[in-house]
Amino acid sequence: MEKNKVPRKRKSKSALSKTIAWLHLWPSLASALILILVCLTGTIIVYCDEIIDIANKDALYVTGVKQERLPVEVLIRNIRRSFPERKRPGYMVFYRDPIRSVKVHSYDVVTGLHFVYMDPYTGKILKDDRTANFFFIMAHLHSTLLIHGTGEWIIDIATVIFLLELI
């Protein structure tokens with residue numbers, strides 16, 4: 001190298017270049033954080049049935065299988081008698097497997113969502129589970145960030161920013 005050579009100064013970035021760099025960095029970081037939260041909550045929601053089954057593995061199966069299952073009206077009557085403060089069951093899940101219990105969705109204003117597992121042959125309540133509340137919150141966090149109205153806009157805007165960055 002030559003000793004007498006003077007190092008050249010780098011040209012400073014133009015205002016447009018700085019603005020583009022800023023627009024690339026900060027909105028991208030903000031949208032990425034929001035979309036990471038949306039992706040994580042979405043993944044949890046996708047596996048909610050499996051997670052609920054793991055949490056309730058002790059109530060998924062009955063011990064004695066009989067010839068006839070009880071009518072739906074009898075099962076609903078047993079739920080209403082056991083939990084009078086709850087609204088009518090939202091839905092019931094009956095499985096083809098004869099050793100599976102019946103899963104009943106119920107709601108209480110104070111404690112929220114419940115899954116009640118029942119023996120379809122005796123009407124006995126096997127378990128009252130509140131795991132559904134967690135997934136209810138995850139679904140609302142996923143779609144609205146728990147901010148109804150405004151949260152939906154935040155997620156939409158973050159998605160558009162992320163899409164523009166990808167392009």
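Not measured: the values here are computed from a predicted model. Starting from 1, each residue takes its place in the sequence as its number.
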Novice: What are the two closest heavy atoms between Ile155 and Thr144, and how far apart are they?
Specialist: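 That closest heavy-atom pairing would be CD1-N, 3.9 Å.
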Novice: Between atom CZ of Phe134 and atom CD1 of Ile137, what is the distance when rounded to the nearest 0.5 Å?
Specialist: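 CD1 of Ile137 is found 8.5 Å from CZ of Phe134.
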Novice: With rounding to the nearest 0.5 angstrom, report the CD1 to OG1 distance, Ile99 to Thr63.
Specialist: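 Taking CD1 in Ile99 and OG1 in Thr63, the distance rounds to 10.0 Å.
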Novice: Check Ile161 against Ser31 and note the closest heavy-atom contact, atom names and distance.
Specialist: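 Where Ile161 meets Ser31 most closely, the heavy atoms are CG2-OG, 3.7 Å.
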Novice: The test is side chain to side chain contact (heavy atoms under 4.5 Å, CB included); show your working for Val72 and Phe94 and say whether it passes.
Specialist: CA-CA 10 Å; Val72 173; Phe94 291 88; 3.8 Å; yes
Novice: So do Arg80 and Ile76 actually touch side chain to side chain, heavy atoms under 4.5 Å?
Specialist: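 A side-chain contact exists here, since the closest heavy-atom pair is under 4.5 Å.
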Novice: Decide yes or no on side chain to side chain contact (heavy atoms under 4.5 Å, CB included) for His142 and Ile45, but give the supporting numbers first.
Specialist: CA-CA 9 Å; His142 177 76; Ile45 292 166; 3.7 Å; yes
Novice: So if you build clusters from Ile, Leu, Val, Met, Phe, Trp, Tyr with side-chain heavy-atom gaps below 4.5 Å, do Leu141 and Val46 land together?
Specialist: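 Yes, it is one cluster - the side chains of Leu141 and Val46 are joined through contacts under 4.5 Å.
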Novice: Taking the side chain as every heavy atom from C-beta outward, state whether Asn78 and Ile125 have any atom pair closer than 4.5 Å.
Specialist: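 They are not in contact (no side-chain heavy atoms under 4.5 Å apart), so the answer is no.
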Novice: Has the side chain of Arg100 got a donor or acceptor atom that lies under 3.5 Å from a matching backbone atom of Leu60?
Specialist: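 Looks like yes, one N/O pair under 3.5 Å.
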Novice: Flag the pair Pro120 / Leu70 as yes when at least one side-chain heavy-atom distance between them is below 4.5 Å, and no otherwise.
Specialist: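 When only atoms from C-beta onward are counted, Leu70 and Pro120 do not touch, as no gap falls below 4.5 Å.
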Novice: Is the backbone N or O of Arg86 less than 3.5 Å from a side-chain atom of Asp108, with the two atoms forming a donor-acceptor pair by type?
Specialist: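 Between the backbone of Arg86 and the side chain of Asp108 there is no qualifying donor-acceptor contact (under 3.5 Å).
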Novice: Taking all non-hydrogen atoms of both residues into account, name the closest pair between Val116 and Ser106 and its distance.
Specialist: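 For Val116 versus Ser106, the nearest heavy atoms are CG2-OG, 3.9 Å.
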Novice: Could you give the distance from CD1 (Ile34) to CG (Leu37), rounded to the nearest 0.5 Å?
Specialist: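 Here the interatomic distance stands at 8.5 Å.
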Novice: Decide whether His140 and Ser143 meet the rule of one side-chain donor and one side-chain acceptor closer than 3.5 Å.
Specialist: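 Not at all, the side chains of His140 and Ser143 share no donor-acceptor pair under 3.5 Å.
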Novice: What's the spacing between His105 NE2 and Ile79 CD1 if we round to 0.5 Å?
Specialist: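 The distance works out to 11.5 Å.
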Novice: Treating Ser17 as the side-chain partner and Lys13 as the backbone partner, does any N or O pair qualify as donor plus acceptor under 3.5 Å?
Specialist: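 Judged by distance alone, no pair lies under 3.5 Å.
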Novice: Under a 4.5 Å side-chain heavy-atom rule over Ile, Leu, Val, Met, Phe, Trp and Tyr, are Tyr61 and Met118 clustered together?
Specialist: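 Hydrophobic grouping puts Tyr61 apart from Met118.
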Novice: Please report the shortest heavy-atom distance between Arg81 and Pro84, naming the atom on each side.
Specialist: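 Shortest heavy-atom separation between Arg81 and Pro84 comes out as O-CD, 3.7 Å.
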Novice: Is any side-chain heavy atom of Asp58 closer than 4.5 Å to one of Lys127?
Specialist: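 Yes, close enough: below the 4.5 Å cut-off.
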Novice: State yes or no: do Leu33 and Ile157 share one hydrophobic cluster built from I, L, V, M, F, W and Y residues joined by side-chain heavy-atom distances below 4.5 Å, directly or via other members?
Specialist: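 Not linked; separate clusters.
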Novice: Kindly assign one of parallel, tilted or perpendicular to the pair Phe115 and Tyr91, based on the angle between their ring planes and the thresholds 30° and 60°.
Specialist: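 Perpendicular: the ring planes of Phe115 and Tyr91 meet at over 60°.
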Novice: Measure the OG1-CG distance between Thr131 and Asn56 for me, rounded to the nearest 0.5 Å.
Specialist: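 Those atoms lie 5.0 Å apart.
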Novice: Membership question, hydrophobic clusters at under 4.5 Å side-chain separation (ILVMFWY): are Leu126 and Tyr95 in the same one?
Specialist: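 Tyr95 clusters together with Leu126.
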Novice: Kindly work out whether a path of hydrophobic side-chain contacts (I/L/V/M/F/W/Y, heavy atoms less than 4.5 Å apart) joins Tyr117 to Tyr121.
Specialist: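 Yes, one cluster joins them.
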Novice: Could you walk me through whether Thr150 and Ile147 pass side chain to side chain contact (heavy atoms under 4.5 Å, CB included), step by step?
Specialist: CA-CA 6 Å; Thr150 308; Ile147 311 167; 3.8 Å; yes
Novice: Quick check: are there more than 12 heavy atoms from other residues, nucleotides or ligands sitting under 6.0 Å from CD of Glu85?
Specialist: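 Result for CD/Glu85: enclosed.
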Novice: Just to verify, which of Val160, Thr159, Leu166, Leu164 counts as forming a side-chain contact (heavy atoms from CB on, under 4.5 Å) with Phe162?
Specialist: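 The residue from Val160, Thr159, Leu166, Leu164 that satisfies side-chain contact (heavy atoms from CB on, under 4.5 Å) with Phe162 turns out to be Leu166.
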Novice: Minimum heavy-atom separation for Ile51 and Ile44, please, with both atom names.
Specialist: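 Shortest heavy-atom contact: CD1-O, 4.2 Å.
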Novice: Between the side chain of Asn133 and the main-chain N/O of Leu113, is any donor-acceptor distance below 3.5 Å?
Specialist: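 Checked: pair present.
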Novice: With distance as the sole test, does Ser101 use its side chain to make a donor-acceptor pair with the main-chain N or O of Asp119 at under 3.5 Å?
Specialist: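 Here the side-chain-to-backbone pair does not exist.
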Novice: For a side chain to side chain contact (heavy atoms under 4.5 Å, CB included) check, start with the C-alpha distance between Val93 and Val104, then their side-chain angles and the critical distance, and finish with the verdict.
Specialist: CA-CA 6 Å; Val93 179; Val104 182; over 6 Å; no
